[in-house]
Amino acid sequence: MSLTIATWNINSVRFRIDIVERLLMHHAPDVLCLQETKVMDDAFPHAIFADHGYHYSVINGQRMHHGVATLSKIPLIEDNRHDWQDNGEARHVGARLPNGLRIENVYVPAGGDTPDATVNPKFGQKLAFVERMTRWSESLSDDTVIVGDFNIAPLECDVWNHKALLDVVSHTPVEVAALAALQQSHDWVDLGRHFVPPPERLFTWWSYRAADWRLSDRGRRLDHIWASPAAARAATAFEVLEDARDWGKPSDHVPQIATFDL
DNA sequence: ATGGCTGGTAGAACCAGA
């Protein structure tokens, strides 16, 4: 059976519900993991997803900021949810499919402006978040997919200019090292780079501030789909929907979709 | 020329994103 899993930082699921529907109609992933839903659970637009056949969901929302949601066309049950900062922010929800596959939907903190925890506490919180994820990741079973906005672009070819971004939060060596430790903790396979090997350019985010995002192409690969080794062996395809950056009222992130033959 | 923008919320000379 073929299974498709999409992930997308939507930057408000209510404001961008039209382009969410566009993804559902034209790409119809079996499972859609959203980050930055920016909505309380009691105001989540469940009816619109149900109209498109997405009758199952696990959501972890909060007021104003952050928030994650996993929507599905096939039965889905909540597995767990973690608050790795222990500050009440909604940045993770886990789910399990009938075949046992676990889908972990994560929104790693952005980390603020300055890559120095002594003057910018948010940067230290980001590193601590990833370290606590690493301890958790070690205990997961080998039938897991972890997706989301990790807010770290690890490789030189994951950013538009490696040298220019070495001191910019999202691509600093200490963040890249923390992400590498997380990846090693469960032998996670980075499906983006499994299907699009370095040094090919691969981005999932472009700033709203560019006059012409496609012309300047100052992108970063901040969003990821990782699979445990057994799940990765079932992966058959991977796609970044770069054109979604031009859809009406776009998110600054674009969706990516992985296909598995399970 | 890495902030030139953006949404949510309040009703900002705001916050957060990255």
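Since we're looking at a predicted model, the values are computed, not measured. First the proteins, then the strands, lettered A, B, ... as listed; each starts at 1. Values reported hereafter were calculated over all heavy atoms of this structure, with side chains retained and with hydrogens, waters and symmetry mates removed.
- For the atom pair CG (A:Leu34) and CG (A:Leu23), the distance works out to 8.5 Å, reported to the nearest 0.5 Å.
- Dashed line: the shortest gap from a side-chain N or O of A:Ser12 to OP1 or OP2 of B:dG8 is under 4.0 Å.
- Heavy atoms of other residues, nucleotides or ligands lying less than 6.0 angstrom from CG of A:Asp142 number more than 12.
- The distance from atom NZ of A:Lys38 to atom C1' of B:dG7 is 4 Å, rounded to the nearest whole Å.
- Distance, A:Met40 CE to B:dG7 C1': 17 Å, rounded to whole Å.
- Proximity of the aromatic rings of A:His92 and A:Trp84 is defined here by a centroid distance below 6.0 angstrom, and this criterion is met.
- With a cut-off of 3.5 Å on both Watson-Crick or G-U wobble distances, the partner of B:dT9 is given as none.
- In this structure, A:Phe150 has its ring center at least 6.0 angstrom away from the ring center of A:Tyr107.
- Side-chain N/O atoms of A:Arg209 include none lying less than 4.0 angstrom from OP1 or OP2 on B:dA1.
- Here B:dG4 presents its P atom at 19 Å from CG of A:Leu215, a figure rounded to the nearest Å.
- One atom, CD of A:Glu89, and another, C1' of B:dA16, lie 10 Å apart when rounded to the nearest Å.
- In this model, the phosphate group of B:dA18 is approached by a side-chain N or O of A:Asn9 to a distance below 4.0 Å at OP1 or OP2.
- An OP1 or OP2 oxygen of B:dT6 is reached within less than 4.0 angstrom by no side-chain nitrogen or oxygen of A:Asn11.
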